[in-house]
Each structure stands twice: as structure tokens, then as C-alpha cells.
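Here the structure is laid out as C-alpha cells; the discussion comes afterwards.
Below, all heavy atoms of this structure are taken into account, side chains as well, without hydrogens, waters or symmetry copies.
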Amino acid sequence: KKGLNVKKYYCLNEKNLFSHNYWELMPCLTNHLNLKNTTEELFKKYSENTRMNIKNAREVKSNFVKDLSAADLLNLYRNNQEEKHGKLKGDEELILEKLMLASKAKKMGVSVGCTDEQGKLKAGAFFVWSHGRLIFLFSATDLSQQKVRWLPLLIDQCIAHDAGKEMILD
């Protein structure tokens, strides 16, 4: 939007402001969850809908995958969410894959997944650790079984893993 104070609303580095009119800035909602509390205390803070989705997903046999490959996560996105959210543009997929590989190599990133009882990947997410934060960067989910919400279950498992630590889920 013209006339929008970029520094005020988007917290961009003041020395590197966009100087071209062709950039489109989009507001983004982000949530911060302090993980210092116990798993039970954190679960109580979830919305009723989220708690219900997690409960329903727990009734289906699933397995947690700790080190999901970048290729598996990107394939899950391609096969399930491109139609809804669109293809990743230009080099975005390659950049994301390189980011995932480099951050994992430096022990600063992790890709996790959730599979059904047949071992089929149902949800995946990529996180980066930095400055006391666990930053949720990318996710994909299998949309074929709409009644099971796999991603809330996966995020809940990540929260449970880091509950009690001085860390913020961003």
C-alpha cells in the first residue's frame, strides 16, 4: 500500500529499505508460545478446536519421524498443497532445500514428520533454532484424509519435546 510506513509495520532493517515500487509487502500473522511451562500447561492454552483436532488425530495410529528429508517434505507439499497454495516460485524450492540442508548440517534446523500406520507421510514441518527461538518455517500436510488434522498433532509433538525449556516457539 502506498504511504505505508514500512519500518513501523514490518520492522525492516532501516539501512536496507526497499527502494522499488514493484515489491509487494504482505502482513503476516505470527504467534509466539513460551515453552518454559509443562506440556500440560501448554496444552491448556490451545484453543478448544486445536485440542479437539489433536485428540482426534491421536486416535489414529501414527509415528513421529525425527529427521525428515528435505525431498520428502517438498514432495508432500508438491503432491498435496500446490493446488491450494500454488507452486513455489522461481528458485524458492531450491533455496528452501539448501536452507534445510545447511541448517541441519550446522545443527540449527530440524525437519520432522508424522506418518500413518502404513508409514505414509501425512504431515511435515521444518524448524530452525536461533537466539532462543524455535522458528516454524515451512510445512506441508496430506489433504486426502480431511477428518484427521495431522499438522496440529505434529506441532503438539514438537512442543511436547521442548516443553520446560527456556525457548519461544515462533
Side-chain angles (χ1 to χ4, degrees), residues 24 26-35 38-39 42-43 45-47 49-170:
E24 180 184 346
M26 299 175 67
C28 183
L29 174 67
T30 186
N31 294 298
H32 298 132
L33 179 64
N34 192 330
L35 299 176
T38 67
T39 304
L42 292 169
F43 190 79
K45 293 181 180 182
Y46 296 170
S47 71
N49 186 51
T50 299
R51 287 193 304 267
M52 184 183 67
N53 285 336
I54 292 168
K55 183 181 174 237
N56 290 342
R58 284 180 180 161
E59 292 173 3
V60 178
K61 276 196 166 185
S62 62
N63 295 305
F64 186 69
V65 178
K66 179 122 189 198
D67 193 22
L68 185 65
S69 74
D72 285 344
L73 181 56
L74 292 168
N75 281 334
L76 185 64
Y77 180 85
R78 259 187 248 107
N79 296 333
N80 291 280
Q81 296 188 262
E82 265 188 359
E83 192 173 309
K84 183 178 180 182
H85 298 291
K87 284 186 171 190
L88 295 174
K89 297 176 186 128
D91 290 337
E92 288 175 341
E93 189 170 321
L94 181 61
I95 292 167
L96 182 58
E97 185 174 18
K98 285 181 177 181
L99 176 65
M100 291 169 76
L101 294 172
S103 63
K104 284 181 182 184
K106 293 183 179 201
K107 307 280 190 236
M108 293 178 63
V110 64
S111 295
V112 293
C114 190
T115 62
D116 63 11
E117 60 186 329
Q118 288 82 31
K120 184 175 181 201
L121 184 61
K122 293 296 183 176
F126 172 58
F127 298 86
V128 172
W129 290 285
S130 180
H131 299 88
R133 292 180 182 267
L134 178 62
I135 304 164
F136 179 72
L137 283 182
F138 184 77
S139 68
T141 188
D142 184 339
L143 301 174
S144 66
Q145 209 173 359
Q146 288 291 322
K147 78 175 199 175
V148 179
R149 303 287 186 216
W150 296 97
L151 194 57
L153 175 66
L154 180 61
I155 294 171
D156 179 62
Q157 289 174 335
C158 293
I159 289 170
H161 179 269
D162 290 318
K165 296 178 183 173
E166 283 293 327
M167 186 181 298
I168 302 288
L169 174 62
D170 186 349

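In terms of the side-chain hydrogen bond (donor to acceptor under 3.5 Å, both in side chains) criterion, residue partners of K120 (sequence neighbours excluded) are, by chain and number, D142. Applying the salt bridge (charged side-chain N to carboxylate O under 4.0 Å, His left out) test to D67 and every residue at least two apart in sequence or in another chain returns K104. With sequence neighbours excluded, the residues that form a side chain to side chain contact (heavy atoms under 4.5 Å, CB included) with Q118 are D116. Take N49 and apply the side chain to side chain contact (heavy atoms under 4.5 Å, CB included) test, not counting sequence neighbours, and it matches S47, M52, N53. Scanning for side chain to side chain contact (heavy atoms under 4.5 Å, CB included) contacts around H131 gives an empty result, with sequence neighbours left out. Taking D72 as the reference, S69 meet the side-chain hydrogen bond (donor to acceptor under 3.5 Å, both in side chains) condition, with sequence neighbours excluded. T39 is linked by a side-chain hydrogen bond (donor to acceptor under 3.5 Å, both in side chains) to nothing, counting only residues two or more places apart in sequence or in another chain. A search for salt bridge (charged side-chain N to carboxylate O under 4.0 Å, His left out) contacts involving E93 returns R78, not counting sequence neighbours. Scored by the side chain to side chain contact (heavy atoms under 4.5 Å, CB included) test, T141 finds Q81, A123, L143, W150 as partners (sequence neighbours excluded).
Atoms CG and CG, from L88 and L74 in turn, are 7.0 Å apart once rounded to the nearest 0.5 Å. Between the CG atom in L137 and the OG atom in S103 there is a gap of 8.0 Å [rounded to 0.5 Å]. From L35, atom CG reaches atom CD1 of I168 across 7.0 Å, with rounding to the nearest 0.5 Å. Here the straight-line distance linking atom CG of N34 with atom CD of E166 works out to 6.5 Å at 0.5 Å rounding. Remark: L121 CG to T115 OG1 distance equals 7.5 Å, nearest 0.5 Å. Residue E92 holds its CD atom at 7.0 Å from CD1 of I95, rounded to the nearest 0.5 Å.
Looking at every heavy atom in both residues, W129 comes nearest to K107 through CE3-O, 4.0 Å. When all heavy atoms are compared, the tightest approach of S130 to I135 is CB-CD1, 4.2 Å. Minimum interatomic distance between T38 and A163 (heavy atoms only, all atoms of both residues): C-CB, 4.2 Å. Residue A57 comes nearest to R149 through the heavy atom pair CB-O, 3.7 Å, listed as atom of the first residue, atom of the second, then distance. Contact record, G109 with F126: CA-CE1, 4.4 Å, taken as the closest heavy-atom pair.
Legend: ring-ring contact (aromatic ring centres under 6.0 Å, His included) pairs involving residues 60-81, not counting sequence neighbours, sorted by first then second residue: Y77-F138.
Here the side chains of V112 and L68 are not in contact, with every heavy-atom distance at 4.5 Å or above.
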Enumerate donor-acceptor pairs with a distance under 3.5 Å from any side-chain N or O in residues 151-162 to protein atoms, sequence neighbours excluded.
{"unit_1": "D156", "atom_1": "OD1", "unit_2": "Y46", "atom_2": "OH", "d": "2.8"}
{"unit_1": "D156", "atom_1": "OD2", "unit_2": "R58", "atom_2": "NH2", "d": "2.6"}
{"unit_1": "D162", "atom_1": "OD1", "unit_2": "K165", "atom_2": "NZ", "d": "2.8"}

Please report the C-alpha distance between M100 and S111 in whole Å, then the side-chain angles of each, then the deciding distance to 0.1 Å, and finally whether the side chain to side chain contact (heavy atoms under 4.5 Å, CB included) criterion is met.
CA-CA 8 Å; M100 291 169 76; S111 295; 3.1 Å; yes

